[in-house]
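Here the structure is laid out as structure tokens; the discussion comes afterwards.
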Amino acid sequence: MFKDIADDEIRAACRDAKTVTLKAGETLFREGDDAQAMYVVKQGTLRIVSGSTILETVREGGIVGEMAIIEAHMPRSATAIAGTHCELAEIDVPRFLSLVADSPAFSIAVLRVVSRRLRVMNRRYRVGTR
């Protein structure tokens, strides 16, 4: 997660980013939606769900929505719902591409999140097929 990046890099990534505020139960995005941004959780928790399955709870410092902007023109793969009051920093595609180009630590952090989530899904799949 973003904890792998120095605190000042996190602040720099979010410094002048648009802040999105959600009340508990509000939806940030839905599975199948077009994607224009990823988000850094500044405060609160988000539940990532697909159908009736909770895939993950993302807390302060975590990221959501990265998959759909890494793979351009792909829809959201899950729904993100605020579990509590949330404040999120919105990282749009131009800012994301700039961060990837300018900050190897940012790029590695995003790759680690994607890798960890893939490993979790692989374990769930293996357990479910036995």
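These numbers were taken from a predicted model, which means no experiment stands behind them. Residue numbers count from 1 along this sequence.
Linking Ile, Leu, Val, Met, Phe, Trp and Tyr whenever their side-chain heavy atoms come within less than 4.5 Å puts Val41 and Leu22 in one cluster. In the hydrophobic clustering of this structure, Val113 groups with Val93; members are Ile, Leu, Val, Met, Phe, Trp, Tyr whose side-chain heavy atoms approach within less than 4.5 Å, directly or through other members. Linking Ile, Leu, Val, Met, Phe, Trp and Tyr whenever their side-chain heavy atoms come within less than 4.5 Å puts Val100 and Met38 in one cluster. Residue Met74 is not grouped with residue Ile70 when hydrophobic side chains (ILVMFWY) are merged at heavy-atom distances under 4.5 angstrom, including chains of intermediate members. Hydrophobic clustering (side-chain heavy atoms under 4.5 Å, transitive across Ile, Leu, Val, Met, Phe, Trp, Tyr) groups Val40 together with Ile69.
Taking CD1 of Ile63 as the start and CZ of Phe96 as the end, the distance is 8.0 Å to the nearest 0.5 Å. Separation of atoms CD (Gln36) and CD (Glu90) is listed at 9.5 Å; rounding is to 0.5 Å. Distance check, rounded to the nearest 0.5 Å: CG of Asp33 to OG1 of Thr79 gives 7.5 Å. To the nearest 0.5 Å, the span separating CD on Glu31 from CD1 on Ile48 amounts to 11.0 Å. To the nearest 0.5 Å, atom NZ of residue Lys18 and atom CD1 of residue Ile91 are 12.0 Å apart.
Residues Arg123 and Val120 have side chains in contact (heavy-atom distance under 4.5 Å, counting atoms from C-beta outward). Residues Glu66 and Val114 meet the side-chain proximity criterion, which asks for heavy atoms closer than 4.5 Å. Residues Arg95 and Asp16 form a side-chain contact, since some pair of their non-hydrogen atoms from C-beta on lies under 4.5 Å apart. The shortest side-chain heavy-atom distance between Val49 and Leu55 does not fall under the 4.5 Å cut-off. Side-chain contact between Val20 and Tyr39 is present, with heavy atoms from C-beta onward closer than 4.5 Å. A 4.5 Å side-chain heavy-atom check between Val58 and Thr45 finds every atom pair outside the cut-off. Residues Thr19 and Lys42 have side chains in contact (heavy-atom distance under 4.5 Å, counting atoms from C-beta outward).
Around the CD atom of Glu71, the shell of radius 6.0 Å holds no more than 12 heavy atoms that belong to other residues, nucleotides or ligands.
Minimum interatomic distance between Leu99 and Ser107 (heavy atoms only, all atoms of both residues): O-OG, 4.5 Å. Residue Ala82 comes nearest to Lys23 through the heavy atom pair CB-O, 3.4 Å, listed as atom of the first residue, atom of the second, then distance. Residues Ala68 and Pro75 approach most closely at CB-O, 4.0 Å, considering heavy atoms.
Checking each of Leu46, Thr21, Leu28 against Cys86 for a side chain to side chain contact (heavy atoms under 4.5 Å, CB included) leaves exactly one that passes, namely Leu46.
Ion pair Glu56/Arg116 flagged as a salt bridge, since at least one NZ, NE, NH1 or NH2 atom sits closer than 4.0 Å to an Asp/Glu carboxylate oxygen.
With sequence neighbours left out, Ser98 forms a side-chain hydrogen bond (donor to acceptor under 3.5 Å, both in side chains) with Asp102. For Thr57, there are no side-chain hydrogen bond (donor to acceptor under 3.5 Å, both in side chains) partners at least two apart in sequence or on another chain.
Panel note: side chain Ser50, backbone Thr53; no donor-acceptor pair is recorded below 3.5 Å. Put simply, the side chain of Arg76 gets close to the backbone of Gly65: a donor and an acceptor are under 3.5 Å apart.
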